[in-house]
Amino acid sequence: MMRSGFLPDRIIHLHPTRLCNLACLHCYSESNPQQRAALDPEVLSSALAALRSEGYAQVSLSGGEPLVYAPLRTVVERSRALGYRVTMISNGLLVTERMDDVLAQLDGIAISFDGLEETHNALRGRPDAFRRACAAIEHLASKGFPVAAAISLARDSIPELPDLAELLVTLGARGLQVRPVARAGRARSLDDAKFYSAIDRARLYLVVRALQQELGDDVRVHCDLAPTIGLWEQRDDYAGLLGECGTVCVEDRPLADLINPLVITDAGTLKPIAYDFSPRYNVGSIDALSLDTLREYKRRDLPQLQELIGGAVAGLQNARDFVDWFDHCTRLSERHLGPAMALAESS
Amino acid sequence: MRAITPKELSTAMSRQLANYNLSDDVIKSLAERVTIEGLFLGRFNPCIYGICIDYFTDKIPNLATLTIKQKVAKWEVFPYGIIEWDRFHVQVAFNVDELGGKVGGLPAGGFGH
């Protein structure tokens, strides 16, 4: 099957609630313990069924903290019954034996980390956050569950990555996904020193490549940063969204060939690519999701997304940089700048 | 004296890269060298030259893209041939003086050979 949007799978990022047992200083969704909104599992299940027929194959649960979402078990079971692979990202605080029955149904779970203990606890605002996240990795590994670590690093935490990676692998993590902290949500109030220059992105990319070699084939190490040259050479991954009509016009293409990943927010809004993607590109709402509404979206509203992503892809051709592609597109969506200009500006 | 193992060598490399011991200029030139148009980055190994990188491509490699890169110590092209017709493995060794193929002042290959 043709790839879509630089990803090997067609993914829904599901944020069923922004309720969280933490209020991290860098949280892009600004989740916290005061949030009460949560998606109705019946409405959500109907939407997931419709989106399955639009070509999506994986549901990636995030939040807020997915393990505080009361109907989680129902949503996971129904997603699996629809044929989705289901994965989750959690802060690990509630990963205990009590949750094993639902955790056992997941195709993968990642525990989030921000650095070594002092850094992690400071950003999470809780003195035992790191210890409990490590305990979660250990617990999941001991049960034989496929566990990984999702590592979000501020610029000044790059030096902590080799030691953190070594610790997490020792605890049982079978995968590491590393990304620079995104300037989104609550992170916007962090000091500028936390964010990356072009050289910092190159440094992080090289560190991750060195770690891949160090950790060998038993651990999957992934960096969300990619060389612009490589992305440009893979631009055919956007043939669904940007390609000529040919035999199948855009309106007749499944949504997953056009938008990947797709985000469902805690308000039930469907968005392209990222939680904080500009609202002007919203796809619709799970309350009113139907073949007709999607067809109308593709006909009327998709061209502005095509223009944005088309410009961003074109901007890759002459750039020599490392980018977090989805974050790059999200920042472009907010700024309405010409993509080539924005790429130059970001370096 | 025992030889430095590949694992120790690569561990040292990830820490050297992460610890801001290498200047921005070194990182910049290294980043420029590891991304080569038309070649997909595979393995990334420390070696006696500094860094050796395995690239893959499904097109006949354009070796001109390598020669314009600075400090290429050597390169080898391996056509997969009957295993996978349209796949080439290109191994490039870059001289990176600052990494130097050394760990703690010891030569990367150790003293065993």
Side-chain angles (χ1 to χ4, degrees), chain A residues 115-116 151 153-167 169 176 178 193 196-219 221-223 225-236 316-323 347, chain B residues 4-47 50-59 61-62 65-66 68-70 91-92 94 96 98-99 101 103 108:
Chain A
L116 290 169
I151 303 170
L153 282 181
R155 178 193 170 279
D156 53 2
S157 302
I158 294 176
E160 300 178 20
L161 181 56
D163 285 340
L164 179 64
E166 189 175 317
L167 171 66
V169 170
L176 306 174
V178 184
Y196 288 60
S197 67
I199 292 293
D200 298 321
R201 289 192 292 273
R203 188 183 296 274
L204 181 62
Y205 179 82
L206 293 170
V207 173
V208 174
R209 297 306 305 219
L211 282 172
Q212 281 174 331
Q213 178 60 24
E214 175 184 334
L215 297 171
D217 293 333
D218 294 338
V219 182
V221 185
H222 174 83
C223 185
L225 292 169
T228 48
I229 292 177
L231 293 176
W232 170 249
E233 287 169 357
Q234 294 177 65
R235 61 192 179 281
D236 284 350
L316 293 169
Q317 185 173 11
N318 297 314
R320 292 293 177 267
D321 196 354
F322 296 86
V323 291
S347 48
Chain B
I4 304 299
T5 67
K7 177 165 176 139
E8 287 169 327
L9 195 56
S10 53
T11 302
M13 185 162 75
S14 70
R15 283 176 167 72
Q16 280 203 65
L17 289 165
N19 283 339
Y20 289 92
N21 290 337
L22 299 179
S23 69
D24 286 356
D25 286 344
V26 173
I27 293 291
K28 183 168 185 282
S29 66
L30 189 53
E32 283 171 358
R33 276 182 257 162
V34 302
T35 54
I36 297 179
E37 204 155 355
L39 300 179
F40 291 95
L41 197 57
R43 285 193 169 279
F44 183 95
N45 306 294
C47 65
I51 289 180
C52 289
I53 301 177
D54 293 329
Y55 298 94
F56 296 94
T57 177
D58 58 2
K59 301 178 182 71
N62 176 7
T65 59
L66 297 179
I68 60 167
K69 298 278 175 177
Q70 292 180 344
Q91 189 170 63
V92 185
F94 294 104
V96 182
E98 295 76 4
L99 289 172
V103 179

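Atom set for the values below is all heavy atoms of this structure, side chains included, hydrogens, waters and symmetry mates excluded. The structure displayed is predicted, hence computed values, not measured ones. Each chain gets a letter, A, B and so on, in the order its sequence line appears, and its residues count up from 1.
- Chain B forms the most heavy-atom pairs under 4.5 Å with one residue out of Gln234(A), Arg203(A), Glu233(A), Gln212(A), and that residue is Arg203(A).
- Taking all atoms of both residues into account, the shortest heavy-atom contact from Ala202(A) to Ile27(B) is CB-CG2, 3.9 Å.
- Rounding to the nearest 0.5 angstrom, the gap separating the OH atom in Tyr205(A) from the CG atom in Leu30(B) is 11.0 Å.
- Contact annotation for Leu206(A): both backbone and side-chain heavy atoms come within less than 4.5 Å of a heavy atom of chain B.
- With rounding to the nearest 0.5 Å, the separation of CZ in Arg320(A) from NZ in Lys28(B) is 12.0 Å.
- For Asp200(A), the part sitting under 4.5 Å from any heavy atom of chain B is the side chain, from C-beta outward, and nothing else.
- Separation of atoms CD1 (Ile53(B)) and CZ (Arg209(A)) is listed at 8.5 Å; rounding is to 0.5 Å.
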